[in-house]
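Heads up: the structure comes next, in structure tokens.
Remember, it's 1-based here, ligands and their atoms both numbered in the order they're listed.
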Amino acid sequence: MATALIDGQQVDFESGETILEAAEKVQIKIPTLCHAEDLSIYGGCRICVVEIEGERLLKPACATKISEGMKIKTHSPKVREVRRNIFELIVASHDISCRLNCLTCSRNQSCELREIAADIGANQTRFDPIDKGYDDDRSSVSIVREPNKCITCGRCIRKCEEVQGVGIFTMANRGPATVLTTFGDKGMGNVECTNCGQCIHACPTGALHEVYHYDRVWDMLKDEDKFVVVQTAPAVRVALAELFESKPGTIVTGQMVAGLKRLGFDRVFDTNFAADLTIMEEGTELIGRIEDGGPFPMFTSCSPGWIKYIEHFYPEYLENLSSCKSPQQMFGAVAKSYYAQQHGIDKEDMVVVSVMPCTAKKFESGRGEMDQDVDFVLTTRELGRMVKEAGIDLVNLAEEDYDPMMGESTGAGSIFGSSGGVMEAALRTAYELITEEELEELDFEPVRGAEGIKEAEVEIKGMTVKTAVASGLSNVGQLLEKIKNGEEYHFVEMMACPGGCIGGGGQPIPTNQETVEERMKAIYEIDAGKKKRKSHQNKEVQQLYEDYLGAPNSHLAHELLHTNYIK
Ligand code: HC1
């Protein structure tokens, strides 16, 4: 262990640590902009410069290793002056309209530039802003890119490349005209984007955000001829409260239902119901493949970012995908058929809205394979905006229950929101259906947790079922390479976002390792607190089969709940 002095504080450090990391250990916060914990070091913005005794030039703390005996000053007069100058230059090359439209920006409450201004004591902007004059990129149905708001920190480039293993972004042009763009400036909707939205979490400003549906949803809620139903995804209830100053992992299921009723939705239903339904269909499909000898591995099919990834990069495995639609889409299909018929509602008058932690769900709902069963998809952030707009004090509302007949869910449906959850839910049901014995231990620990790739073997009636789980697309890619090289599995869960849907691109900002882990704990807490924890115990799902679908994988179930993805 070596020692150095930072602002007069002695700090012990291991070899290889940066000044930024060492400073954190003695409670000194050095402001950063292009730096992010889950990304490689870039050292481009220079906001984190510090002064090192004996060195003429200031050094970026994020990219400079600390060494024995160093004497570092993090806020000397020179450092403070340089930081403020750098900040002013960044602001000058930022969107000219920021100074006018800051209040209406998508990141007005979470803009890191504003935070930095406070952290460095910025008190003037002397330089005239440059009007870059780039057009917004609205080619994607999920994500909007506003290049004029980009500060070229490169975080989205590194996130897309390093964490998601995709790499659709690049920098173009030089000097003040430098801009982030896509290959050939084709637009995000015309390159190999998976719509996962992880770039939104990486962006410090409002240069990337989801395509908003909330104004359209307001219109629907006002329209008296429309019957507007809403479904809420498993991962939303453990994150929504963060938009109302609560801690990550605060569970607000009942308050969210109450809030949605106050917003004026005619029925408030649960995507977790459809997750249980998915398990009935997917579990039956898995059992069929085990009986028929394949094709293996069977891949889960509920994450639309993952579907896009396999379509772009591994189309040879498309036939391995489960034929099940995602719970979001199963919900829409059942709502517009069974529920509408049972309640005498004209399908044409029914509007299905989803609240999802995911930007790719916007893309999924519009896919040709999906029959427009879901009309609008709100992200968790968009629901937060609507609740605020309506003046609802969400976290202090009295809890309310979901509406029947698509509101019941088991613990198995709840854990879909966490990486490993779909696998665990499927195994709980497949085990009991195959063995006709009660499964005593419901917690499949090896598929839980935040690691990017997890593996587990499960004994079912003398057969060893080999499973694997991956979340975050670069982990997904690694697992696919392993499979390509001959590793054999029966069942594999793939989720596009790190940690699963709880880390989705539509979740509150910040979404990082810490928030994802807190949300994950909350998901398993919901499961543990449920009386029924296996999807086949869901009474409303049982009734749906009795009244309408017949049996899992029946002809009608196939027509409504299954699909095929073809390159
Ligand atoms: Fe997900 Fe799913 S778990 S994909 O992560 O299978 O978005 O939450 O709604 O459809 O149920 C997302 C979450 C979600 C679907 C379910």
Problem set entry | Ring geometry between H343 and Y339 (parallel below 30°, tilted from 30 to 60°, perpendicular above 60°) | parallel
For this session: Check whether any N, O or S atom of C358, backbone or side chain, sits closer than 2.8 Å to atom 1 (Fe) of ligand 1.
Result: no
Problem set entry | Residue from D375, D349, D373 passing salt bridge (charged side-chain N to carboxylate O under 4.0 Å, His left out) with K336 | D375
Seminar exercise, completed: protein heavy-atom neighbour closest to atom 3 (S) of ligand 1 works out as F416 O, 3.3 Å
Exercise. Can you find an N/O atom of P304 closer than 3.5 Å to an N/O atom of ligand 1?
Worked result: no
For this session: For atom 12 (C) of ligand 1, grab the closest protein heavy atom and report residue, atom and distance to one decimal in Å.
Result: C501 SG, 2.9 Å
Exercise. Side chain, backbone, both or neither: which part of Q328 has a heavy atom under 4.0 Å from ligand 1?
Worked result: both
Exercise. At a 4.0 Å threshold, what atoms of ligand 1 neighbour a non-hydrogen atom of A275?
Worked result: 11 (O)
For this session: Before signing off on this row, confirm whether N272 and ligand 1 have an N or O atom pair separated by under 3.5 Å.
Result: no
Exercise. What do you reckon, does G504 put a non-hydrogen atom under 4.0 Å from ligand 1?
Worked result: no
Seminar exercise, completed: The protein heavy atom nearest to atom 8 (O) of ligand 1 is A235 N, 2.9 Å
Problem set entry | salt bridge (charged side-chain N to carboxylate O under 4.0 Å, His left out) between K482 and E455, intermediate numbers included | CA-CA 12 Å; K482 216 171 153 184; E455 300 193 21; 2.6 Å; yes
Exercise. With respect to atom 15 (C) of ligand 1, which of K361, E493, Q507 exhibits the smallest heavy-atom separation?
Worked result: K361
Exercise. Side chains of S365 and Q328: donor-acceptor distance under 3.5 Å anywhere?
Worked result: no
Exercise. Under 30°, 30 to 60°, or over 60°: which ring-plane class applies to Y212 and H209, parallel, tilted or perpendicular?
Worked result: parallel
Problem set entry | Atom indices of ligand 1 within 4.0 angstrom of C302 heavy atoms, with elements | 4 (S), 6 (O)
Exercise. Backbone, side chain, both or neither: what part of Q329 comes under 4.0 angstrom of ligand 1, heavy atoms only?
Worked result: neither
Exercise. Should the pair H490 and F296 be assigned to parallel (<30°), tilted (30 to 60°) or perpendicular (>60°) ring geometry?
Worked result: perpendicular
For this session: Give the residue and atom name of whichever protein heavy atom lies nearest to atom 9 (O) of ligand 1, and the separation in Å to one decimal.
Result: A233 CB, 3.1 Å
Exercise. Atoms of ligand 1 less than 4.0 Å from P327 heavy atoms?
Worked result: 6 (O), 10 (O), 11 (O), 15 (C), 16 (C)
Exercise. Is ligand 1 less than 4.0 angstrom away from at least one heavy atom of P234?
Worked result: yes
For this session: Check the angle between the aromatic planes of H213 and F376 and answer parallel, tilted or perpendicular using the 30° and 60° thresholds.
Result: perpendicular
For this session: Classify the angle between the aromatic ring planes of F269 and F331 as parallel (below 30°), tilted (30 to 60°) or perpendicular (above 60°).
Result: tilted
Exercise. Would you say ligand 1 has an N or O under 3.5 Å from any N or O of E364?
Worked result: no
Exercise. Is a side-chain donor or acceptor of N272 paired with a backbone partner of A275 at a separation under 3.5 angstrom?
Worked result: no
Exercise. Relative to the heavy atoms of M356, which atoms of ligand 1 are at a distance of less than 4.0 Å?
Worked result: 7 (O), 9 (O)
Problem set entry | Cation-pi check, K159 onto F169 ring (under 6.0 Å, within 45° of axis) | no
